[in-house]
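Chain letters run A, B, ... following the sequence lines, proteins first, then strands; residues in each count from 1. Quick caveat, the model's predicted, so the values are computed rather than measured.
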There are 2 protein chains.
Amino acid sequence: MNIREIAQRAGVSTATVSNVLNGKLSKVSDETKAKIESIIKETGYKPNVMARSLVKKESRLIGLVVPYLGKDEDFFANPYNAHIIAALERYIRANDYYLMLRCVGDPREIVPLLSSWNVDGAFFLGIYKDEVPEIKSLIDIPIVFLDTYAPGEEIVNIGIEDYRGGYLSARYLIGKGHTKLALVSPDIASEGVIRERYKGFTDACREAGIPFKNGNIYYTESTYHSAVQIGQDIAFGGGDYTAIACMSDIVAFGVIEGLKQCGLRVPYDMSVIGFDNLPDCEFMSPKLTSVAQDFEWKARKASEYLFKMITDKCILVADERQPIRVAERQSVKNLYE
Amino acid sequence: MNIREIAQRAGVSTATVSNVLNGKLSKVSDETKAKIESIIKETGYKPNVMARSLVKKESRLIGLVVPYLGKDEDFFANPYNAHIIAALERYIRANDYYLMLRCVGDPREIVPLLSSWNVDGAFFLGIYKDEVPEIKSLIDIPIVFLDTYAPGEEIVNIGIEDYRGGYLSARYLIGKGHTKLALVSPDIASEGVIRERYKGFTDACREAGIPFKNGNIYYTESTYHSAVQIGQDIAFGGGDYTAIACMSDIVAFGVIEGLKQCGLRVPYDMSVIGFDNLPDCEFMSPKLTSVAQDFEWKARKASEYLFKMITDKCILVADERQPIRVAERQSVKNLYE
DNA sequence: CCTACTTGGTAAAGCGGTTAACTTAAGGAT
DNA sequence: ATCCTTAAGTTAACCGCTTTACCAAGTAGG
């Protein structure tokens, strides 16, 4: 079933059918239009998107590139990814585009992919600064980065106030009377969200006159199992902490489990604060106090930029960061009480 | 940059370039081949997938259709979806296909979508029996259903032994001495996984001579928040239960929270068993005992069938169900101890 | 009556590939 | 010297759709 067949049945040319299909009504009488439409409905004809894309040079396809978490972990091992993807999917659908989802190790892998599919735009999740120039140079479609720090690069990035998040995390603990703090974090070496959170955290400590040394940092992967180990290390390590700040919720979940396994009770023996405010914070006990980011906001902002660039055929440069707050629950003890 | 340009630079026809691209080496000398390949590498040329699809009538696109959970809930509100999607994505990628993800309310919405994109195959998650014939009739590409019950329909379905899961759930509780059981479940009216689990559960009760009435069933949506309410209802309802079986983990999480809010401790005051064995079962306290299904297995089986049908251009009919077990953790009390 | 504009359409090129059918030159067999 | 094969390409049609340029007929103005 193709456009030719419809044209034949209607006794018109394919051009006319195409005009009806594309709403170019000025070229076709109401009568013919009605006739063609009824035939289309009757036959259930749907134009071939590929053929259309080929000539229109637009695909109505949006690429969504998700970082690969690690060997055995799928990209949902951190539920953060699931939530942001779900929110983006909604907006893509609402704008009548299609979502091509791809998980990649090296983000450069997907550049050929995006260009050979003629993707109209793409979201990149959690790309590091170093990888931005190459992506930018190899591809010239609208892109929105989420959670990328690349000052100086001309990109659209949507993120949160990570520095302030880290800062608030420390301030919150300090406000509850905690002064012996540990930090559990993935690598802080590369410029990125984690590094910013770390900086905010340590700055808050410094301001408050709280000694915070490198020895107080525990490095982990962004996975539950890796964090469990850290929780145990901290419990056994005798670091004499009263509170642990985690740079993501999934890590906090693991740390708490590690602590529990060693007989420590949260928050009575040890306080823990997370980062992300996943819905899962509610599922556990104690409920995890966490620095809150809003997935919905991120997805909305990111979509606004992407679709503006696509429809207006323009290049935007922006770095929007969502204001952040602490979602208080039960995992941090108030030492003043 | 298109195939003509490459052909020009190499001083050959587009057909020859195409042959190199498609590995039809019999038609081209090693010399020309090397030359063309070097030009391709040099220019970074990538063939346009749309154009290729148009003539080859295959798209290398796999559709993944995910049910829409409800008004305000995204499809990851139940993490089950996230895990199965992630696993499927891995297999799709490994087979060198591309994933088009689409969340839909009415599955019929996507039929035109799949056909106008010339998708080579599709996975449908959690479709009800009634919707199968229409899907089947409107679309003639290989499809694999996951978690669909449609006996008599000629489809490939990959699922788990839901009946046995429900049965084991009851057996497990009974084995621990529980006889006053409540069941928390989404709608059991429509034929589907939940109905099967329910049947297995009640059959096990009957076999054990345990009275189980309709009044012992509490209906909920498959969301956390809905289940919290049920937990409270049960706590306040004075139903005199010692154990609650939930037909999915996300529901169990909510129920436990509801119970907690009413001052009941799990498992001391009330035992709870879930269904799905999400990784999240580990995150909470007490850790949730749950009927275990294996996402990896499901995704692998589903992919095997789909890609076999695609490459062999054949129609298969199958109904594979993964054997199931109870993953024992801490949320069920042993009344005999 | 002639010209000009509008309405409702058609014909055909082209998007970037693939492929069946054809060509041409060289080599081998007879 | 002739015929057949094979290797290595080339030509051109076609996939399903959009779009530009063109056309015919009707209407209106002068």
**Prompt:** Can you find a pair of side-chain heavy atoms, one from B/E320 and one from B/W297, that are under 4.5 Å apart?
**Reply:**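 Of all side-chain heavy-atom pairs linking B/W297 with B/E320, at least one is under 4.5 Å.
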
**Prompt:** Is there a donor in the side chain of B/N118 and an acceptor in the side chain of B/S115, or the other way round, less than 3.5 Å apart?
**Reply:** no

**Message:** Could you check whether any side-chain N or O of B/E89 sits under 3.5 Å from a backbone N or O of B/L99, counting only pairs where one atom can act as donor and the other as acceptor?
**Reply:**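 Flag not set: sc B/E89 to bb B/L99 has no pair under 3.5 Å.
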
**Request:** Please answer whether the main-chain N or O of A/N81 pairs with a side-chain N or O of A/N78 as donor and acceptor at a distance below 3.5 Å.
**Result:**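 No; zero donor-acceptor contacts below 3.5 Å.
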
**Asked** Just the endpoints, please: which first and last nucleotides of DNA chain D, 5' to 3', lie under 4.0 Å from a heavy atom of chain B?
**Response**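 Footprint of chain B along DNA chain D, 5' to 3': D/dA8 to D/dG16.
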
**Request:** Name all residues meeting the side-chain hydrogen bond (donor to acceptor under 3.5 Å, both in side chains) criterion together with A/Y80; count only those two or more places apart in sequence or in a different chain, and write none if there are none.
**Result:** A/D147, A/K298

For [X], what residues pass the ring-ring contact (aromatic ring centres under 6.0 Å, His included) criterion, not counting sequence neighbours?
X	result
B/Y45	none
B/Y149	none
A/F145	A/F124

**Request:** Using the ring of B/Y98 (Phe, Tyr or Trp, six-membered ring only), decide whether B/R60 places NZ or CZ under 6.0 Å from its centre and within 45 degrees of its axis.
**Result:**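 Here B/R60 fails the 6.0 Å and 45° test against B/Y98.
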
Rounded to the nearest 0.5 Å, what separates atom [atom1] in [X] from atom [atom2] in [Y]?
X	Y	atom1	atom2	result
A/L64	A/I92	CG	CD1	6.0 Å
B/S38	B/I40	OG	CD1	9.0 Å
A/K301	A/E304	NZ	CD	5.0 Å

**Item:** A/Y128 to A/G192 - nearest heavy-atom pair and separation
**Value:**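 In terms of heavy atoms, the two residues are closest at CE2-CA, 4.5 Å.
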
**Prompt:** Can the ring centres of B/F307 and B/Y91 be said to be less than 6.0 Å apart?
**Reply:** no

**Test applied, side-chain contact (heavy atoms from CB on, under 4.5 Å); reference residue, B/I62; option that passes from B/V144, B/I141, B/V119, B/I310** =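 The residue from B/V144, B/I141, B/V119, B/I310 that satisfies side-chain contact (heavy atoms from CB on, under 4.5 Å) with B/I62 turns out to be B/I310.
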
**Message:** Which residues pass the side chain to side chain contact (heavy atoms under 4.5 Å, CB included) test with B/Q8, not counting sequence neighbours?
**Reply:**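 With neighbours one apart ignored, the set is empty.
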
**Complete:** The side chain to side chain contact (heavy atoms under 4.5 Å, CB included) partners of B/R9 (sequence neighbours excluded) come to B/M1, B/E5, B/I39, B/T43

**Message:** So if I take residues 53-62 of chain A and measure heavy-atom distances to DNA chain C, which residues fall below 4.0 Å?
**Reply:**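 Nucleic-acid contacts, sorted: A/L54, A/V55, A/K57.
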
**Request:** Residues of residues 28-51 of chain A with any non-hydrogen atom less than 4.0 angstrom from an atom of DNA chain C: list those, numerically ordered, please.
**Result:**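 Result for residues 28-51 of chain A: A/V28, A/S29, A/T32, sorted by number.
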
**Request:** For the helix from C/dC1-D/dG30 to C/dT30-D/dA1, figure out the bend between the end axes, five pairs an end, and round to 10 degrees.
**Result:**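 Terminal axis comparison yields 60°.
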
**Message:** Students should find this one: the first and last nucleotides of DNA chain C, 5' to 3', lying under 4.0 Å from a heavy atom of chain B. What are they?
**Reply:** C/dG16 to C/dT19

**Contact list for DNA chain D against residues 8-24 of chain B - heavy-atom distance below 4.0 Å** =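 The stretch gives B/V12, B/S13, B/A15, B/T16 as the residues lying under 4.0 Å from the strand, ordered by number.
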
